[in-house]
S.K.: 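First the structure, which I've put down as structure tokens, then a few questions once you've had a look.
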Amino acid sequence: MSSRRDFIKKSAIIGTGIAMAPGLSYGATKPEKRLKVGLIGVGLRGTNHLNNVLLRDDVDVTAICDIDSRRIAIALGHVDKAGKKKPKVFGKNEYDYRNLLDMKDVDAVIISTPWLWHTKMAKDSMLAGKYTGLEVSAANTMEECWDLVNTHEETGSHLMILENVNYRRDVLAVLNMVKQNVFGELVHFRCGYQHDLRFVKLNDGKSAYGKGVEFGDKGISESVWRTQHSLLRNADVYPTHGVGPMATMCDVNRGNRFMSLTSHATKGIGLHNYIVENGGKEHPNAKLKFKQGDVITSTIETANGETIIVTHDCNLPRPYSLGFRVQGAKGLWEKDGDRMYIEGESDPHRWDASKEWLEKYDHPLWKKYGEHAQGAGHGGMDFFVINAFVESAKRNVAPPLDAYDAAAWSAITPLSEASIENNGEPQDFPDFTRGMWVKRKPYNWIKDTY
Ligand SMILES: NC(=O)c1ccc[n+]([C@@H]2O[C@H](COP(=O)([O-])OP(=O)(O)OC[C@H]3O[C@@H](n4cnc5c(N)ncnc54)[C@H](O)[C@@H]3O)[C@@H](O)[C@H]2O)c1
């Protein structure tokens, strides 16, 4: 996640790491069957997923769909280069993905389209009986959050939210520490999406990271659709990279749940200033009033008495950080500063560098596949999220990050919007599990399969 430019470079050289290990079988068991995968949306993110599945010996890419023929051409180029059979192509209109979903030769679907398509496509995919992987965030409104849960329950089709940060090496090491009770009883978390996206939300319409101040029809890649959300919504529109890992650590929807949230937003000046600096004050976009506050801070209370502070900070100059802090009765980890303190182990009142702790508790998955994962994108975590998706789909079992997680994490968007609108008034989370969180068991995270 640290740099989208790195991500693109890595995507370009993807394959050099993993493909050099021919016949590498992923997962604990030999594949019971090969998985036939269809991808809907092969923009920047979908192409990254495509490359990761192309490298596997247990997946056939049988179909791809995108309404942008340039993206289809790029995707087919990757398939060809990988020496794989040409998939069936869809994309003649915005609903052509439904024809992909009609294909018998598709077992599982990976959806990497703009946010407003997510729930619609995921719902259709589950209705078509496909094992469904959905990019983040999963839903935009509370109704959509419920749609994901209801459709999963009605159809029995599984939905995995493809939250890659849950698979980051430090995050999984800290999860390992949590499960081994190193921090003691958990009390407090901090996290967020703190990423200067000005050059993503605004570009020149020619290249995704080109200088320029256009968006919508005049933009390219994410500026085509993402910026509109900053213009019209004062909400944390991208909560899952931060909250996903924290929710897993404190067993949300499995013995715990989000109860309520309060949210506050600063003024929004970052995007306007960027437009004036790069496009001049006479540029038509300089007249726009962006509704989204530059820094949005939400505090979630959980049923087990923890608080989670979630920050959305994407419109101001700043280095990237998800700002993780995991704190329990015996100590804490803070990502900013890369530091750890464990009572009785660390020198009293002095931070340890987190490096040695993270190495000591390195997750079994990273120990086993770390070397192969390196080229897979976003420092390797993209390998693991797709690995979990494919392994769960092959067995047709519930994924580690499921429809209830997708709904609860994504609900932060409409709830933060309502709280900000009402001067920070607390907003209750619906119980998407309908009471089942009380007896649902946590996923078995500490293993070396997926
Ligand atoms: N997990 C991560 O680290 C990560 C990183 C980047 C993006 N994302 C998420 O991935 C998703 C896609 O982001 P992106 O950066 O690839 O954006 P993008 O704009 O580069 O790609 C989106 C693609 O979807 C296609 N599309 C739009 N409507 C369609 C339709 N009806 N049918 C078929 N195709 C359609 C577009 O033509 C485009 O190629 C977003 O939800 C984003 O939040 C996640």
Side-chain angles (χ1 to χ4, degrees), residues 1-8 10-11 38-52 63-75 89-101 109-122 124-125 133-140 144 160-168 171 193 195 197 200-201 203 205 207-209 215-217 219-230 237-242 244-245 312 314 320 322 376-386 389 401 406 409-410 413:
M1 298 296 296
S2 59
S3 154
R4 282 169 173 249
R5 287 188 186 93
D6 272 6
F7 158 59
I8 292 170
K10 278 178 187 152
S11 302
L39 293 106
I40 304 177
V42 282
L44 291 181
R45 187 67 185 148
T47 302
N48 188 245
H49 288 318
L50 171 68
N51 283 325
N52 280 321
I64 56 171
C65 176
D66 201 296
I67 49 171
D68 183 341
S69 56
R70 294 167 300 180
R71 298 305 312 178
I72 290 286
I74 291 169
V89 171
F90 298 88
K92 60 177 188 299
N93 61 52
E94 287 185 323
Y95 287 92
D96 204 17
Y97 74 88
R98 287 180 172 157
N99 293 316
L100 178 152
L101 295 175
V109 170
I110 296 175
I111 299 167
S112 314
T113 47
W115 298 336
L116 294 178
W117 282 102
H118 282 189
T119 301
K120 205 189 298 281
M121 288 174 169
D124 286 342
S125 175
L134 180 58
E135 256 307 332
V136 300
S137 246
N140 303 277
E144 286 190 341
M160 176 164 172
I161 177 167
L162 298 174
E163 182 42 80
N164 49 347
V165 181
N166 277 65
Y167 292 88
R168 213 168 85 172
V171 165
Y193 192 59
H195 191 182
L197 289 184
V200 170
K201 293 185 185 184
N203 55 39
S207 75
Y209 305 104
F215 69 97
D217 290 345
I220 192 169
S221 192
E222 292 201 3
S223 77
V224 172
W225 52 269
R226 187 176 193 135
T227 317
Q228 200 70 11
H229 293 262
S230 309
V237 294
Y238 207 53
T240 72
H241 286 326
H312 183 272
C314 300
Y320 175 92
L322 299 188
H378 290 135
M381 58 191 174
D382 292 351
F383 165 84
F384 292 104
V385 72
I386 285 300
F389 175 71
L401 312 171
W409 306 351
S410 302
T413 297

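No experiment lies behind these values; they were computed from the predicted model shown. The analysis underlying the following values was restricted to heavy atoms, covering all of them including side chains, and did not include hydrogens, waters or symmetry mates. Whatever order the structure lists ligands and atoms in, that order sets their numbers, starting from 1.
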S.K.: Evaluating non-hydrogen atoms only, which member of D96, V136, V165 is closest to atom 42 (C) of ligand 1?
M.R.: V136
S.K.: Between N164 and D382, is there a side-chain donor-acceptor contact under 3.5 Å, judged purely by atom types and distance?
M.R.: yes
S.K.: Within less than 4.0 angstrom of ligand 1, does G91 place any heavy atom?
M.R.: no
S.K.: Can R226 be said to sit on top of Y238's aromatic six-ring, NZ or CZ under 6.0 Å from centre and within 45° of the ring axis?
M.R.: yes
S.K.: With no hydrogens and no angle check, do the side chains of E135 and H118 hold a donor and an acceptor under 3.5 Å apart?
M.R.: no
S.K.: List ligand 1 atoms under 4.0 Å from M121, heavy atoms only on the residue side.
M.R.: 30 (C), 31 (N), 32 (N)
S.K.: Between the candidates M381, H241, E222, E135, which shows the shortest non-hydrogen contact distance to atom 15 (O) of ligand 1?
M.R.: E222
S.K.: When you compare the side chains of N203 and Y209, does any donor N or O come within less than 3.5 Å of an acceptor on the partner?
M.R.: no
S.K.: Determine, using heavy atoms of I67 and all atoms of ligand 1, whether some pair is separated by less than 4.0 Å.
M.R.: yes
S.K.: Quick one: does ligand 1 sit under 4.0 Å from the side chain of D66, the backbone, both or neither, non-hydrogen atoms only?
M.R.: both
S.K.: Closest by any non-hydrogen atom to atom 11 (C) of ligand 1: pick that one out of I72, T113, T240, I161.
M.R.: T113
S.K.: Do N48 and N51 pair up side chain to side chain, a donor and an acceptor below 3.5 Å, judged on atom types alone?
M.R.: no
